[in-house]
2 protein chains.
Amino acid sequence: MAGVSSALTEAPSGESAWRSRVIERSTRVARERASERAQQFLDAARAVMNEKGSTEFTVQEVVDRAPHSLRSFYQYFDGKYELLLTLFEEEMGLAVDSLIAASSEGAPLDRLERVLRDLYDLCAPSRVSKQPLFSEFAFRLLADHPEEVAAAFAPLINYISEVVGEAADAGLLRPGRPRRMAALLVQTATFTAGRNVGARQPITGDEVWEFCLRAIVPDNVADQRLERAQTMTRPPLTPNTCPVT
Amino acid sequence: MAGVSSALTEAPSGESAWRSRVIERSTRVARERASERAQQFLDAARAVMNEKGSTEFTVQEVVDRAPHSLRSFYQYFDGKYELLLTLFEEEMGLAVDSLIAASSEGAPLDRLERVLRDLYDLCAPSRVSKQPLFSEFAFRLLADHPEEVAAAFAPLINYISEVVGEAADAGLLRPGRPRRMAALLVQTATFTAGRNVGARQPITGDEVWEFCLRAIVPDNVADQRLERAQTMTRPPLTPNTCPVT
DNA sequence: CAGGCAGCGGAAACTAGATTCTCACCCACC
DNA sequence: GGTGGGTGAGAATCTAGTTTCCGCTGCCTG
């Protein structure tokens, strides 16, 4: 008996090839099903969250909406927190993709402006399509598990670092490390959009962009950009960015 | 019946003077005691929080430490959330006072630098004296009740607005509204210190200050300040200031 | 001094929500 | 036809916040 169990459990790593094939075959189906089910829970959760406009739903509500039982839920997720986290990562992944796609054309500073403004809009709490994950859960998540938020933001930071790097190569920026600049820009856009701590009226996307631009770009370049922007969008009171709740 | 109840409950406001005097006298003692007890709960909560280094304590723990019962706790606070909020407001008030006191001397930009750096330090999560209220609870609070956070920050914003106004009057700043600049500065310092979303190494206070300074001050003034700071700490290494002229 | 009353301590009860457990069932596979 | 792992349904458990109950103690008032 000792021999048998030893043969089964202590097989030399050289034999592991066929073993993994067998395991892979016999678990592929299970994994596919698991992935599908998890997705169904995620969809249900998204639906509930959009209805309630907040992350304060109960696990039961999600389960009721999904074609599975509570028991299964806990088979696929460690708990509510992990559900939220997964949802957050998924949404963030999509959002980052679309931010990147929407800002892939043009001069470096144009792209940077585009991506930061879009990021601001995405994180603003009072937007048309409520995103409780970004405006509400992200803050909580950030308080509890900053590493995971950082991981979710990483692709965006990477991308913005590249754009910043290009702008720097074009001689448009003050000297500095692109990656750290990118982090500062993302933080500023995200948090200033998310909530505002001091102003009676929320800080607008225009203000955030001007602040960020000034922070990293020398005056002559910034003046030129901002003047051009102002003469193109004549009105002094930028009506299109006023949040209409 | 209607007459009596009407006389008692609908007394004309002209009679309310003596009424309030009576009420005031008979409740003053009660109010003083209440205030003292509430303070004892607050002290106990602070102690528990410092021990645990987080706001994840239970009401029971606080009550056990305070010389009063759970029942009394709920007589003085609407619940745990209100306890935390009160604590936050108290700490924030003290912190703001000390920020203001520590930055009351000097030229406007020196004062601004001082107050923003101190604010950064205050909000940094990995401080010697852990401040779970600022690094942890503030985020949660901000997600749930931004108005209250805004109220707690208001005195600081007012103060910084003044400093910014003085700097502007001295011709050191680009044109802009002091109050909104102040809000952006506070947001940037607070949130960038609190958590960092994108950098492998945390953004430092120096970086935040430079970012903020650049954002609101024209290049010639900023260059001058930053050069001076750099030559004071280390030998000159700034050959290139502005690639595009 | 008796009665009423407001505040309080102590402890149990209540609640909501998350998480886990029990048990029966079903169905692909042997 | 068996059978075992995964599953549905829902009860049970656990946690932490909140509320309630009961009896005690001062204190004011008639």
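Here is the naming used below: chain letters follow the sequence lines, and residue numbers restart at 1 for every chain.
Between the side chains of A:T204 and A:E207, at least one donor N or O sits under 3.5 Å from an acceptor N or O. B:S103 and B:Y159 form a side-chain donor-acceptor contact under 3.5 Å, judged by distance and modelled atom types alone. Defined by atom type and a distance below 3.5 Å, a donor-acceptor pair is missing between the side-chain atoms of A:N158 and A:E162.
The phosphate of D:dG8 has OP1 or OP2 within less than 4.0 Å of a side-chain N or O from A:S72. OP1 or OP2 of C:dC8 lies within a sub-4.0 Å distance of a side-chain N or O belonging to B:R37. The phosphate of C:dC8 (OP1 or OP2) has no side-chain N or O of B:H68 nearer than 4.0 angstrom. For the pair B:Y74 and D:dT18, the criterion of a side-chain N or O lying under 4.0 Å from OP1 or OP2 is met.
Using cut-offs of 30° and 60° for the angle between ring planes, the B:Y76 and B:F41 rings count as tilted.
Residue A:Y81 is classed as having no contact, given no heavy-atom separation below 4.0 Å to the nucleic acid. Using a 4.0 Å heavy-atom cutoff across all strands shown, B:Q75 reaches sugar-phosphate atoms only and no base atom. Note on A:Y76: only backbone sugar-phosphate atoms sit closer than 4.0 angstrom, heavy atoms only; bases stay farther off. The residue B:F77 sits apart from the nucleic acid: no heavy atom pair falls under 4.0 Å.
Here the C1' atom of nucleotide C:dG9 and the CD atom of B:Q60 are 12 Å apart, to the nearest Å. Separating the CG atom of A:L70 from the C1' atom of D:dT13 is a distance of 13 Å, rounded to the nearest angstrom. Separating the CG atom of B:D64 from the C1' atom of C:dG10 is a distance of 12 Å, rounded to the nearest angstrom. D:dA16 atom P lies 16 Å from atom CG of B:L83, rounded to whole Å. Taking atom CZ of residue B:F73 and atom P of nucleotide C:dG7, one finds them 18 Å apart after rounding to whole Å. Rounding to whole angstrom units, CD of residue B:E56 and C1' of D:dA16 are separated by 11 Å. Between B:F57 atom CZ and D:dT15 atom P the separation is 19 Å, expressed in whole Å.
Mapping B:K80 and A:P67 onto DNA chain D by nearest heavy atom places A:P67 closer to the 5' end of the strand. Comparing B:R71 and B:D78 by the nucleotide of DNA chain D whose heavy atom lies nearest to each, the residue mapping closer to the 5' end is B:D78.
Using a 4.0 Å cut-off between charged side-chain N and carboxylate O, A:R140 and A:D144 make no salt bridge.
Residue B:T58 places its side chain closer to D:dA16 than to any other of D:dG8, C:dG9, D:dA16.
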